[in-house]
Protein chains: 2
Amino acid sequence: MTDQQDKSVIIERFSDILKGKGKRKTPERIKILEKVLDFKKLFTVEQLYQVMLNDDFPVSRSTLYNTVDVLMEIGWLRKMNTGESSIAYERVEQTAQIHLKCEHCGKIKLVKDTSFMAYMNARKFMAFTTSYYNLTVYGVCNDCARRIKQLKRKQKSDKK
Amino acid sequence: MTDQQDKSVIIERFSDILKGKGKRKTPERIKILEKVLDFKKLFTVEQLYQVMLNDDFPVSRSTLYNTVDVLMEIGWLRKMNTGESSIAYERVEQTAQIHLKCEHCGKIKLVKDTSFMAYMNARKFMAFTTSYYNLTVYGVCNDCARRIKQLKRKQKSDKK
DNA sequence: TTTACTGCAAATATTTTGCAATATC
DNA sequence: GATATTGCAAAATATTTGCAGTAAA
């Protein structure tokens, strides 16, 4: 995913952007960014809070909300939709992917899909200028399908 | 949208389903369903609460959450994602449409799209069985685009 | 030195839960 | 009459806000 070298480049870029916006480069913001880069999928503020704790760098939730807002302002993060009661964030690079959400285990798998991207890039919508899009596909993942099948088989044999 | 005659058919069907599930047909549930049918787009429990109030049929939020759960259980509603802090629900019929969300005014417009449906119906995903999908397109609606343009023009002339 | 940022604590918003009274079946 | 449902009140969860102390520039 994002290796150490990439990270320092990204952090440098982040510092520049902060400076350009008259915002301050604080240890909290840098560390939070690093942790955000580690997430391979959607995450919530609460998850970020735990990750920071586990890395011996506790920050307040206010700071997390603040930094997440900054990252959204500069277009590095987006609010995404999960149907859960807490807001999920996602790195912009990941949003070009298709979200496969299993209705059974709730896990979301990201898949890259150039065919879909090509389809969407060619698409226009009436009276609307597209900046990006999100396709979430709901269904059942194979793991759960297998599990459900086994469960049913077991129930049958239990009846006997 | 859903006219009065359609509604009574739907309510009848709802009554049957409730009976079949050993659930009770209460005035609250029927009225809530009627209001849900009136929503042309996404709605939150809070909006539903207000609508019920305005129609002189106040119900508790508990009842709303309960009924919404029932409607989801029977597959008539789905949780949808808006990136706001409250959960939005949507009628299943509407989910086959594309959501155009304006990042400026936040309004979501639904558009029917048979070409996209055809594309998706033909699509398969590895290790995943699709049951439905949601495409949300983010961007700027023409109303806002116009407003932004005017604002910029105004700012320029103010500078002079 | 200036002032943006952090973190606390409190306010607000949203959702869930327990339970007594009630209404459906 | 049995019990599912309602609505209240309280708990749990999530997000926002105000402000004093702190630290970046």
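This structure is a prediction, so every number in the text was calculated from the model and none was measured. Chain letters run A, B, ... following the sequence lines, proteins first, then strands; residues in each count from 1.
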Charged tip of A:R61 within 45° of A:Y65 ring normal and under 6.0 Å: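 Output no; distance or angle outside limits.
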Pair B:R29, B:N66: side-chain N/O donor-acceptor within cut-off below 3.5 Å: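 The answer is yes; a qualifying pair exists.
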Nearest-nucleotide pick for [X], side chain only, options being [options]:
{"X": "A:R24", "options": "D:dG7, D:dT5, D:dA25", "value": "D:dA25"}
{"X": "A:S86", "options": "D:dT15, D:dA2, D:dA23", "value": "D:dT15"}
{"X": "B:P27", "options": "C:dT24, D:dA9, C:dT15", "value": "C:dT24"}
{"X": "B:I87", "options": "C:dT15, D:dC8, D:dT3", "value": "C:dT15"}

No-H, no-angle donor-acceptor pair, A:S62 side chain to C:dC5 base, under 3.5 Å: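 Checked by distance alone, the answer is no.
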Looking across every strand, which nucleic acid part, if any, lies under 4.0 Å from [X] by heavy atom: base, sugar-phosphate, or nothing?
{"X": "B:S85", "value": "sugar-phosphate"}
{"X": "B:T26", "value": "sugar-phosphate"}
{"X": "B:K25", "value": "sugar-phosphate"}
{"X": "A:K23", "value": "sugar-phosphate"}

From B:Y133 atom OH to A:T136 atom OG1, the distance as rounded to the nearest 0.5 Å: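 So the OH of B:Y133 and the OG1 of A:T136 are separated by 13.0 Å.
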Rounded distance (Å) that lies between atom P of C:dA13 and atom CG of B:L48: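 To the nearest whole Å, that distance equals 19 Å.
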